[in-house]
Visitor: 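Sharing a structure below in structure tokens format, with a few things to ask.
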Amino acid sequence: MVTGCGSAGIPGSAALAGSASAGTEAYVCNFGYDDQPGMTIVALDLATGRRTGSVTTGSLPSAVATTPDGRLLLVTDQGDDNLAVLDTATDSVLARIPTGVEPDAVAVSPDGKLALVANIDDDTVTPVDLTTLRAGRPIAVGARPDAVAIGGPAGRTALVADLKANAVTPVDLATDAAGPPIAVGAEPDAVAIGGPAGLTALVANLGSGTVTPIDLTTLRPAPAIAVGIGPTALALAGGSGGLGGSGPAVGSGPAVGSGAATAWVTAGQDLVPLNLAAATAGTPIAVGHLAEAVAVDRAGRTAWVAGQDATVTPVDLATRTPGRSIPVGGRPEAIVIPPPRR
């Protein structure tokens, strides 16, 4: 399944399995465009800044997530209306699970047993049992769900960003019941969950240029924080996945590292630091292209920004300096950094 490819046309041969077990790889969805749909996810070696391989999953891969043990990669193939499940030990697609119409984001529960897929074109989310690789009954949410994250008390609360409803819908995963929508900013486009015990959510509002924090114990929003034009994704330290506007933020993304003091938000051509204690945005870092998604490595030292110029750009978070961009092709739409395989 894996084809070797190297940075700037230099051949490479590393497989997804070996890369995932090392815990030093990122995986990028090559979404492409409707008239030229992408079909692959690309692996990047974070230590060398090289493309190391790719695997075909399906048409228009829009979001990617990982299980907490690093054993599975989950890819929403929007053009095929399914979720591709990849085994990182064998580089193979274990299953293609039917979802709703145009799956656009995916998140994994903290215990690794459940995935939740947001279906942007039929206003539902699909729960997927990762022990049986079977989809459950769709759950109705708000208009145009395009991002999702899981956390909260006991790790059983999902937040679904409803792009056209200017709200997020909480879903109780113990009962599969959707709760009353929570008003946020205009066009919520990404969600991440973190903080102590995973009890704080952050929602990036594309249309209003803000991020809205939400307390997951009360499901109440705090005042929105201005971050700049068109935020599409956000991530925290701890190997979080930032699924961008079409999903994971990352994105829309998996749960993020606990206790992180700073979130990183893609807004226009910038990466914006967000001080969570002070609830203020810092000085933007220009990355040189329209940013689509972001992930932060597990040490919290480097952010990896996927952009619409078909590259991923590393940003040193200590010096706030972008490095050399890595060509990945195909309009990258989402990026994730899995934990070491165990």
Visitor: Taking the side chain as every heavy atom from C-beta outward, state whether I285 and P322 have any atom pair closer than 4.5 Å.
Guide: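 Yes - at least one pair of side-chain heavy atoms lies under 4.5 Å apart.
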Visitor: Is the shortest side-chain heavy-atom distance between Q36 and R331 below 4.5 Å?
Guide: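 With C-beta onward as the side chain, the pair stays apart.
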Visitor: Does a side-chain heavy-atom distance below 4.5 Å link T88 with L86?
Guide: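 Contact flag for T88/L86 side chains = no.
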Visitor: Tell me, please, which residues at least two apart from N82 pass side-chain hydrogen bond (donor to acceptor under 3.5 Å, both in side chains).
Guide: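 Partners of N82 under the side-chain hydrogen bond (donor to acceptor under 3.5 Å, both in side chains) test: none.
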Visitor: In Å and rounded to the nearest 0.5 Å, what is the OG1 to CG distance from T157 to L219?
Guide: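 So the gap between those two atoms works out to 6.5 Å.
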Visitor: With sequence neighbours excluded, what pairs up with K164 under the salt bridge (charged side-chain N to carboxylate O under 4.0 Å, His left out) test?
Guide: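 For K164 the salt bridge (charged side-chain N to carboxylate O under 4.0 Å, His left out) partners, ignoring immediate neighbours, are E187.
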Visitor: Let me check something: do V101 and V117 share a hydrophobic cluster, defined by ILVMFWY side-chain heavy atoms less than 4.5 Å apart, either directly or through other members?
Guide: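 Result: no, two separate clusters.
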Visitor: Does L133 form a side-chain contact (heavy atoms from CB on, under 4.5 Å) with I97? I'd like the steps, not just the answer.
Guide: CA-CA 7 Å; L133 299 183; I97 302 168; 4.1 Å; yes
Visitor: Tell me the side chain to side chain donor-acceptor pair (under 3.5 Å) pairs involving residues 265-279, sequence neighbours left out?
Guide: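 Those involving residues 265-279 are T232-T266.
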Visitor: What I want to check is whether the side chains of S92 and D87 have a donor and an acceptor closer together than 3.5 Å.
Guide: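 No, D87 and S92 have no side-chain donor paired with an acceptor closer than 3.5 Å.
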Visitor: Checking N166 now: which residues fulfil side-chain hydrogen bond (donor to acceptor under 3.5 Å, both in side chains) with it, not counting sequence neighbours?
Guide: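 Partners of N166 under the side-chain hydrogen bond (donor to acceptor under 3.5 Å, both in side chains) test: none.
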Visitor: Look at the side-chain heavy atoms of Ile, Leu, Val, Met, Phe, Trp and Tyr, link any pair under 4.5 Å apart, and say whether V211 and L206 land in one connected group.
Guide: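 No, separate clusters.
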Visitor: When you compare the side chain of L46 with that of T302, does any pair of heavy atoms fall below 4.5 Å?
Guide: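 No - every pair of side-chain heavy atoms lies 4.5 Å or more apart.
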Visitor: Taking all non-hydrogen atoms of both residues, which atom of G142 and which atom of D123 are closest, and how far apart?
Guide: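 Closest approach of G142 to D123: O-CB, 3.4 Å.
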Visitor: So, do P332 and F31 sit near enough that their side-chain heavy atoms are less than 4.5 Å apart?
Guide: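 Counting from C-beta outward, P332 and F31 never come under 4.5 Å.
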Visitor: Can you tell if the side chain of W304 reaches within under 4.5 Å of the side chain of I326, non-hydrogen atoms only?
Guide: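 Of all side-chain heavy-atom pairs linking I326 with W304, at least one is under 4.5 Å.
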Visitor: For side-chain contact (heavy atoms from CB on, under 4.5 Å), just list the numbers for V315 and W264, CA-CA rounded to whole Å, side-chain angles, deciding distance to a tenth of an Å, and then say yes or no.
Guide: CA-CA 11 Å; V315 177; W264 302 91; over 6 Å; no
Visitor: Of all heavy-atom pairs between V106 and A115, which one has the smallest distance, and what is that distance?
Guide: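 So the minimum-distance heavy-atom pair works out to CG2-CB, 4.2 Å.
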Visitor: Among residues at least two apart in sequence or on other chains, which ones pass side-chain hydrogen bond (donor to acceptor under 3.5 Å, both in side chains) with D176?
Guide: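 If we apply the side-chain hydrogen bond (donor to acceptor under 3.5 Å, both in side chains) test to D176, skipping adjacent residues, there are no hits.
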Visitor: Check the pair L276, L202 against side-chain contact (heavy atoms from CB on, under 4.5 Å), reporting the backbone distance first and the verdict last.
Guide: CA-CA 10 Å; L276 300 182; L202 300 173; 3.9 Å; yes
Visitor: The criterion is side-chain contact (heavy atoms from CB on, under 4.5 Å); which residues satisfy it with T175, sequence neighbours excluded?
Guide: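 Checked T175 against side-chain contact (heavy atoms from CB on, under 4.5 Å); matches are D172, A177.
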Visitor: Which value, rounded to the nearest 0.5 Å, describes the distance between L60 atom CG and T76 atom OG1?
Guide: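 It comes to 10.0 Å.
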Visitor: Which value, rounded to the nearest 0.5 Å, describes the distance between T67 atom OG1 and L74 atom CG?
Guide: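 One gets 6.5 Å once the value is rounded to the nearest 0.5 Å.
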Visitor: With sequence neighbours left out, write down each residue that passes side-chain contact (heavy atoms from CB on, under 4.5 Å) with A183, or none if nothing qualifies.
Guide: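 Testing A183 for side-chain contact (heavy atoms from CB on, under 4.5 Å), a comparison that skips the adjacent residues, returns none.
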Visitor: Under 4.5 Å between side-chain heavy atoms, hopping through other hydrophobics if needed: is there a path connecting V336 to M39?
Guide: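 No; M39 is not reachable from V336 via cluster members.
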Visitor: Please list, chain by chain and in numerical order, all residues satisfying side-chain contact (heavy atoms from CB on, under 4.5 Å) with T311, sequence neighbours excluded.
Guide: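 For T311, the residues satisfying side-chain contact (heavy atoms from CB on, under 4.5 Å) (neighbours in sequence not counted) are H289, D309, T313, S325.
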Visitor: With sequence neighbours left out, what residues match T132 under side-chain hydrogen bond (donor to acceptor under 3.5 Å, both in side chains)?
Guide: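 T132: no side-chain hydrogen bond (donor to acceptor under 3.5 Å, both in side chains) contacts found.
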Visitor: Under the salt bridge (charged side-chain N to carboxylate O under 4.0 Å, His left out) rule, collect the residues that match up with D111, sequence neighbours excluded.
Guide: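 Residues passing salt bridge (charged side-chain N to carboxylate O under 4.0 Å, His left out) with D111: none at all.
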Visitor: Looking at R51 and D45, is there a salt bridge between them, counting it only when a charged N and a carboxylate O are closer than 4.0 Å?
Guide: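 Result for this pair is no, no salt bridge flagged.
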Visitor: Restricting to non-hydrogen atoms, name the atom on D162 and the atom on P145 that form the minimum distance, rounded to 0.1 Å.
Guide: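 Of all heavy-atom pairs spanning D162 and P145, the closest is OD1-CB, 3.9 Å.
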Visitor: Checking I214 now: which residues fulfil side-chain contact (heavy atoms from CB on, under 4.5 Å) with it, not counting sequence neighbours?
Guide: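 I214 satisfies side-chain contact (heavy atoms from CB on, under 4.5 Å) with L159, V168, I182, V184, A201, V203, T212, L216, P221 once adjacent residues are dropped.
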Visitor: Taking it one step at a time, do V42 and S54 satisfy side-chain contact (heavy atoms from CB on, under 4.5 Å)?
Guide: CA-CA 4 Å; V42 169; S54 65; 4.2 Å; yes
Visitor: Same cluster for L130 and L94 if Ile/Leu/Val/Met/Phe/Trp/Tyr side chains link at under 4.5 Å?
Guide: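 Yes; L94 is reachable from L130 via cluster members.
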Visitor: Just jot down the salt bridge (charged side-chain N to carboxylate O under 4.0 Å, His left out) partners of R71, sequence neighbours excluded, or say none.
Guide: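 Only D69 meet the salt bridge (charged side-chain N to carboxylate O under 4.0 Å, His left out) criterion with R71.
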Visitor: Specify the closest pair of heavy atoms between I193 and G152, including all atoms of both residues, with the distance to one decimal.
Guide: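 Heavy atoms of I193 and G152 come nearest at CG2-N, 4.4 Å.
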Visitor: Looking at E102 and D81, what are the two nearest heavy atoms and their distance?
Guide: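 Scanning both residues completely, I find the closest heavy atoms to be N-OD1, 2.8 Å.
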Visitor: Roughly how far, to the nearest 0.5 Å, is CG of L290 from CD of Q308?
Guide: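 Rounded to the nearest 0.5 Å, the CD-CG separation comes to 4.5 Å.
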Visitor: Test R144 against every option in D189, D121, D122 by the salt bridge (Lys or Arg N to Asp or Glu O under 4.0 Å) rule and name the one that passes.
Guide: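 One option only clears the test, and that one is D121.
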Visitor: Taking C-beta and beyond as the side chain, do P61 and T40 meet within less than 4.5 Å on heavy atoms?
Guide: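 Result no, sub-4.5 Å side-chain heavy-atom pair not found.
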Visitor: Considering only heavy atoms from C-beta outward, does the side chain of R298 approach that of P340 to under 4.5 Å?
Guide: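 The answer is yes; the side chains approach within 4.5 Å.
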Visitor: Shortest non-hydrogen contact from A310 to G330?
Guide: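 What the structure gives for the nearest pair is CB-N, 4.2 Å.
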